[in-house]
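Chain naming here is simple, since letters A, B, ... match the order of the sequence lines and numbering starts at 1 in each.
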There are 2 protein chains.
Amino acid sequence: MGNTVSIKDIARKFKCAPSTISRALNDHPMINIDTRKTIQEYANKVGYQKNTISLSLLNQCSNTLGVIIPSISHYHETAIIEGLEAILQPAGYLLNICLTNESHALEKEYLDRLVANRVDAICISLSQETFDHSLNEHIDKAISRSLPIIFMDRFYHALDVDRVITDDFKGAFMATEHLIQMGCQRIAHLHGPKGITVSQQRFKGYEACLKKYGRDVDDQLVKQVMFSPESGLAATKSLLDQKTKPDGIFAVNDEVCFGAMKIIQEKNYKIPEEIALVGFDDIPLAAFAPIALSSVSRQSKKIGEQSAHLFLSKMNGMHQHQQFALEPELIIRESSQRNHCS
Amino acid sequence: MGNTVSIKDIARKFKCAPSTISRALNDHPMINIDTRKTIQEYANKVGYQKNTISLSLLNQCSNTLGVIIPSISHYHETAIIEGLEAILQPAGYLLNICLTNESHALEKEYLDRLVANRVDAICISLSQETFDHSLNEHIDKAISRSLPIIFMDRFYHALDVDRVITDDFKGAFMATEHLIQMGCQRIAHLHGPKGITVSQQRFKGYEACLKKYGRDVDDQLVKQVMFSPESGLAATKSLLDQKTKPDGIFAVNDEVCFGAMKIIQEKNYKIPEEIALVGFDDIPLAAFAPIALSSVSRQSKKIGEQSAHLFLSKMNGMHQHQQFALEPELIIRESSQRNHCS
DNA sequence: GATTCAATTGCAAACGTTTGCGTAATTTTT
DNA sequence: AAAAATTACGCAAACGTTTGCAATTGAATC
């Protein structure tokens with residue numbers, strides 16, 4: 001505020017030009033070694049701190065990455081951010097994190113603000129509203145001003161973009177196949193919110209796996225849920241209340257499984273003997289669920305790290321677009337491990 | 001990048017001064033209404049986006065809040081950030097979020113970088129290392145340049161600072177008192193990492209409550225843990241392996257309780273009849289623990305909101321320091337609810 | 001003593017925007 | 001018709017830093 005000292009201030013003190021101070025502080029050999037030291041000591045004493053803003057203006061880059069993400073209330077998203085930070089902190093970047101709350105309007109607003117702030121690139125996980133209605137103009141506009149945009153988790157209609165995702169299809173396939181191998185005959189799926197890529201892909205993986213084993217998707221066994229335990233509980237309740245009950249459930253994420261477990265245990269079904277359960281994300285509490293929860297790990301932190309690397313290569317002039325799909329990993333725990341297959 | 005259009009570019013196009021363009025875009029009445037419209041339309045057409053960086057330089061404020069926080073892997077921290085965003089998004093601010101991973105070196109590094117970026121203020125939750133060794137010079141330096149610093153959750157040695165915390169002492173007191181009222185005789189405490197304010201305060205609340213009821217702290221019943229379920233499991237195991245076993249446990253947070261429950265159930269103790277359990281934070285999964293978990297809610301989101309309001313009032317010239325301690329709330333669920341007190 | 005060279009330092013422009021003040025041009029008032 | 005007022009726009013400085021180029025100084029060479 002008031003007491004910040006600038007290069008000009010120091011120049012006045014030493015009765016010399018700002019350029020001399022600048023060079024001295026940057027240890028430029030052009031400046032006499034003694035003058036350099038004297039100036040550096042003085043700057044240090046008065047607590048001089050370089051004003052990065054002026055540099056951003058001059059160099060047309062802000063050393064900041066914009067991150068637009070629907071929420072950070074789940075492990076997956078926080079792990080992504082941790083991954084981004086882990087790579088970008090040493091590289092000297094800061095993160096501008098924006099939560100859209102799945103709102104298209106907010107996403108647009110934040111995008112504009114980040115552009116106005118001249119972030120060097122944007123990592124974005126599209127909001128559900130943007131998805132549902134294919135409201136892409138704001139993204140297209142950003143891309144057209146050649147601002148690097150890296151999509152995380154959720155697809156974007158255009159193909160030639162930068163993207164880092166997990167192979168959700170494959171993960172879902174693995175989970176479903178595992179349930180089949182455990183002897184499950186009626187495998188239900190708790191389907192995530194419509195329109196979101198991960199929901200769609202996981203359903204498709206589930207569907208494809210059933211097909212591979214000569215089964216069809218039974219609409220009665222597919223219920224739609226939000227990403228919350230409450231929603232998982234309600235959906236599972238309706239599954240258990242109908243005639244065709246499942247003997248295996250693959251849910252769109254782990255939180256949903258916590259809700260499912262609650263009601264399954266309340267109704268006195270045995271996990272995994274009567275109903276086997278597999279989730280997605282492998283959250284830290286998965287192993288500490290009422291019955292240790294099997295889950296598909298999607299290497300959340302690695303998504304952040306990979307996105308960060310992609311960003312850095314963009315900063316180094318890499319112009320081609322790249323797409324990464326990380327390998328999911330099935331973690332088998334008690335909730336689905338049947339020792340004697342039926 | 002290359003194709004960003006500036007006010008100067010537009011000025012060239014219209015063969016007029018940049019000041020005219022600036023005023024036109026800001027709808028300044030000094031400019032002829034028709035010229036204004038024409039210019040605005042053109043700017044819109046070519047996708048002009050105000051460069052906020054130059055404004056930051058000019059106005060000496062960046063409309064950005066720096067947030068320094070040890071981690072975002074727990075509900076509490078993500079809720080704080082959601083609270084900050086909820087208030088600061090409408091106010092036109094962006095968040096620079098920095099994860100220190102409890103490292104003093106990183107905290108210092110980030111603080112410098114945020115100062116260099118001239119953030120308008122900093123909300124900080126001190127790292128454990130900073131705490132353990134009272135390494136406060138970097139904070140003092142930042143304060144001395146009259147940069148508003150708002151402390152969240154963790155105390156700072158100086159008294160006259162801005163601060164928003166939960167009354168952890170009170171929360172711990174309530175939890176312990178509740179266990180006493182449920183008839184617990186040997187109440188253990190899973191003590192958080194040393195040096196961290198929340199750990200200390202919660203222990204003190206536990207201690208004070210025992211004292212109120214004429215009991216002393218039994219060192220054998222106090223185990224130190226990290227904020228993870230694994231750590232909670234290990235500590236509880238050692239509790240159950242010793243002669244003086246607890247019949248009630250108050251843990252420093254909910255994750256720890258998940259670990260505790262796991263081992264308690266494995267060893268076939270009944271919750272809450274034989275061992276009652278109360279956690280802290282009231283995470284979203286608390287109600288979906290193996291036994292629905294009682295917990296002290298610390299209104300995490302409200303800490304973020306309150307901090308944001310404090311920040312905004314600082315921006316409006318409020319110079320006095322303010323301290324807020326939010327009221328904790330005890331949420332009683334199955335893990336501690338004994339119907340017939342012994 | 002004139003010339004060349006190296007060692008230091010200063011000048012000025014640039015990045016994009018805002019804003020007080022000056023200055024035309026036009027209209028209104030006397 | 002002259003004076004005053006209004007309207008509309010331009011000029012230039014400012015924010016803090018970097019950097020190519022010019023300028024100054026002093027010493028070394030011819």
### Task
Would you mind reading off the distance between B:D27 atom CG and D:dA8 atom P, rounded to a whole angstrom?
14 Å
### Query
How long is the line joining CG of B:N32 and C1' of D:dC9, in whole Å?
10 Å
### Message
From NE2 of B:H28 over to P of D:dG10, roughly how many Å is that when rounded to an integer?
### Response
14 Å
#### Entry: Under-4.0 Å salt bridge between A:K37 and A:E41
no
### Task
Identify whether the distance between the nearest side-chain nitrogen and carboxylate oxygen of A:E109 and A:R113 falls below 4.0 Å.
yes
### Query
Would you say B:T35 reaches D:dA8's phosphate, i.e. side-chain N/O to OP1/OP2 under 4.0 Å?
no
### Task
Could you verify whether a donor N or O on one side chain and an acceptor N or O on the other, from A:D112 and B:Q49, lie under 3.5 Å apart?
yes
### Query
Taking atom C1' of D:dT17 as reference, at what distance in whole Å does atom OH of A:Y48 sit?
7 Å
### Euclidean distance, atom CG of residue A:L25 to atom C1' of D:dT18 [Å, nearest integer]
12 Å
### Query
So what does B:S6 hit on the nucleic acid, given a heavy-atom distance under 4.0 Å: a base, only sugar-phosphate, or nothing?
sugar-phosphate
### Footprint string (nucleotides 10-15 of chain C, 5' to 3'): B base within contact, S backbone only, - free, heavy atoms under 4.0 Å
BBB-BB
### Task
Provide, to the nearest angstrom, the distance between the CG atom belonging to A:N117 and the P atom belonging to C:dG16.
15 Å
### Message
Expressed as a whole number of angstroms, how long is the span from A:I31:CD1 to D:dT24:C1'?
### Response
14 Å
### Query
Between the side chains of B:E77 and B:S71, is a donor N or O closer than 3.5 angstrom to an acceptor N or O?
yes
### Query
Are the side chain of A:K302 and the backbone N or O of A:G83 linked by a donor-acceptor pair below 3.5 Å?
no
### Message
Donor-acceptor pair, distance only, cut-off 3.5 Å: does the side chain of B:E102 make one with the backbone of B:Q128?
### Response
yes
### Message
With a cut-off of less than 4.0 Å, is there a side-chain N or O of A:N26 near OP1 or OP2 of D:dT18?
### Response
yes
## Note on the structure
In whole angstroms, the gap separating C1' of D:dC9 from CG of B:D34 amounts to 15 Å
### Query
If you round to the nearest 0.5 Å, how far is CD1 of A:I10 from OG of A:S22?
10.5 Å
